[in-house]
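Worksheet: the structure to be examined is printed underneath.
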Amino acid sequence: MSEQRERYLEALGISVWRLRTASATTVQPAAEPAPVSAAASIAAGPLEVVAARLVTDVSASPATMGWDELAATVRVCTQCALHATRTQTVFGVGRRNADLLVIGEAPGADEDRQGEPFVGRAGQLLNSMLRAIGLPRSEVYIANILKCRPPGNRDPQPDEAKTCTPYLARQIALVNPRAILAVGRIAAQWLLQTDSPIGRLRGRVVPYGEAGTPLVITYHPAYLLRSPLAKATAWTDLCLVKDLLGKPQ
Ligand code: URA
């Protein structure tokens with residue numbers, strides 16, 4: 001078994017059995033680097049500018065916005081009913097020119113509280129999965145289909161996803177990643193506009209959007225926490241991403 005595969009399995013909490021030899025050691029996952037907070041990186045100014053512009057220019061479209069204007073627009077968005085129950089919006093986090101864009105479903109309770117995607121237990125596992133292919137969290141960009149938490153963590157409704165999609169579409173265009181990793185059924189089905197089960201969507205590379213960006217689909221880390229046996233399958237998906245990005249073995 002390769003050292004990297006061992007590291008991956010251990011990071012994901014799967015015991016690795018080894019012959020006892022004098023040299024056998026346990027490989028520990030590397031310490032987690034501090035995440036880059038999108039909220040912290042947004043200057044105070046643009047929010048007021050955008051708020052003023054929204055009053056006078058109702059036709060402002062995310063499709064032409066830069067990062068700061070987009071983030072500020074999302075922060076005050078009231079375009080669907082989810083704004084009434086959120087604590088705050090969850091825009092996205094990470095490197096704005098990342099090679100890899102990770103797309104999840106929607107904020108959960110932890111994300112709604114902290115304003116950052118994937119910060120709960122599923123987020124910790126996502127960090128380990130990314131680290132196993134040589135990508136610390138700070139090196140990728142992470143966003144969700146929805147920027148607001150659906151109450152009780154229910155599935156996003158199609159009209160909510162539709163309303164929120166211009167924001168994600170602009171994030172995809174701005175990051176312009178070399179590859180996209182969609183985690184979970186909801187993100188995969190929405191991006192590909194299909195109702196195929198995730199078991200049929202994962203395990204291959206599909207071109208996404210007009211740019212034909214390579215898209216890989218894998219299981220949601222929250223699912224992997226409930227079904228640890230699927231972690232081995234998810235590893236094969238992550239290897240596709242690693243190969244796309246030319247990461248060494
Ligand atoms: N699950 C998601 O899909 N996104 C998050 O940000 C957190 C949990």
Side-chain angles (χ1 to χ4, degrees), residues 12-13 32 34-42 70-71 74-75 77 80 82-83 85-96 98 100-131 135-158 160-165 167-169 171-172 175 177 180-192 197-198 201-202 208 215-228 230-231 234 237-238 241:
L12 268 56
E32 185 59 30
V36 179
S37 164
S41 69
I42 298 164
L70 185 67
V74 167
R75 208 187 306 164
C77 181
C80 82
L82 294 181
H83 79 273
T85 49
R86 75 187 178 213
T87 304
Q88 59 189 311
T89 57
V90 178
F91 178 67
V93 72
R95 207 184 172 96
R96 289 177 169 185
L100 181 66
L101 171 62
V102 179
I103 302 179
E105 174 181 330
D110 293 317
E111 291 76 22
D112 175 70
R113 221 175 0 253
Q114 296 186 42
E116 183 171 321
F118 283 102
V119 291
R121 277 187 69 223
Q124 298 307 310
L125 180 55
L126 177 65
N127 294 347
S128 299
M129 293 162 71
L130 293 171
R131 204 164 47 229
L135 285 170
R137 178 181 171 97
S138 56
E139 285 292 306
V140 307
Y141 194 84
I142 307 176
N144 283 310
I145 302 282
L146 293 192
K147 309 305 186 210
C148 296
R149 180 192 183 207
N153 295 350
R154 65 159 169 75
D155 286 353
Q157 290 170 359
E160 293 161 352
K162 193 171 170 201
T163 306
C164 223
T165 287
Y167 299 139
L168 178 65
Q171 287 174 306
I172 295 172
V175 175
I180 299 174
L181 175 67
V183 296
R185 173 183 65 86
I186 300 279
Q189 290 183 341
W190 182 257
L191 289 173
L192 294 178
I198 188 163
L201 299 174
R202 57 147 298 279
Y208 178 74
L215 167 68
V216 173
I217 286 152
T218 195
Y219 295 118
H220 196 287
Y223 168 75
L224 295 175
L225 287 171
R226 295 191 303 272
S227 309
K231 288 176 179 176
D237 302 329
L238 290 169
V241 173

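For ligands, and for the atoms within them, numbers begin at 1 and follow the listed sequence.
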Taking distance alone, with no angle check, do [X] and ligand 1 share an N/O pair under 3.5 Å?
X	result
Phe118	yes
Asn144	yes
Ala106	yes

Check each heavy atom of Ala122 against ligand 1 and say whether those closer than 4.0 Å belong to the side chain, the backbone, both or neither.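 Ala122 to ligand 1: no contact under 4.0 Å from either part.
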### Part of Glu111 with heavy atoms under 4.0 Å of ligand 1, whether side chain, backbone, both or neither
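Contact part for Glu111 vs ligand 1: side chain (C-beta onward).
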* Identify, by atom number and element, the atoms of ligand 1 in contact range of Pro117, meaning under 4.0 Å from any of its heavy atoms. =>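 Selected atoms, number and element: 6 (O).
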- Message: Under a 4.0 angstrom heavy-atom cut-off, which atoms of ligand 1 come close to Gly104?
- Response: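 The atoms of ligand 1 under 4.0 Å from a heavy atom of Gly104 are 3 (O).
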Is any side-chain heavy atom of [X] less than 4.5 Å from a side-chain heavy atom of [Y]?
X	Y	value
Arg149	Thr87	no
Glu139	Leu130	no
Tyr167	Cys77	yes

Between the main-chain N or O of Val119 and the side-chain N or O of Glu111, is there a donor-acceptor pair closer than 3.5 Å?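 Yes.
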- Is there a donor-acceptor contact under 3.5 Å from the side chain of Gln88 to the main chain of Arg113?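 At least one qualifying donor-acceptor pair exists.
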Phe118 vs His220 aromatic rings, parallel, tilted or perpendicular, using cut-offs 30° and 60°?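 Correct class here is tilted.
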| task | Starting from atom 1 (N) of ligand 1, locate the nearest protein heavy atom and write down its residue, its atom name and how far away it is, to 0.1 Å. | result |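 Answer, as residue, atom name and distance: His220 NE2, 3.1 Å.
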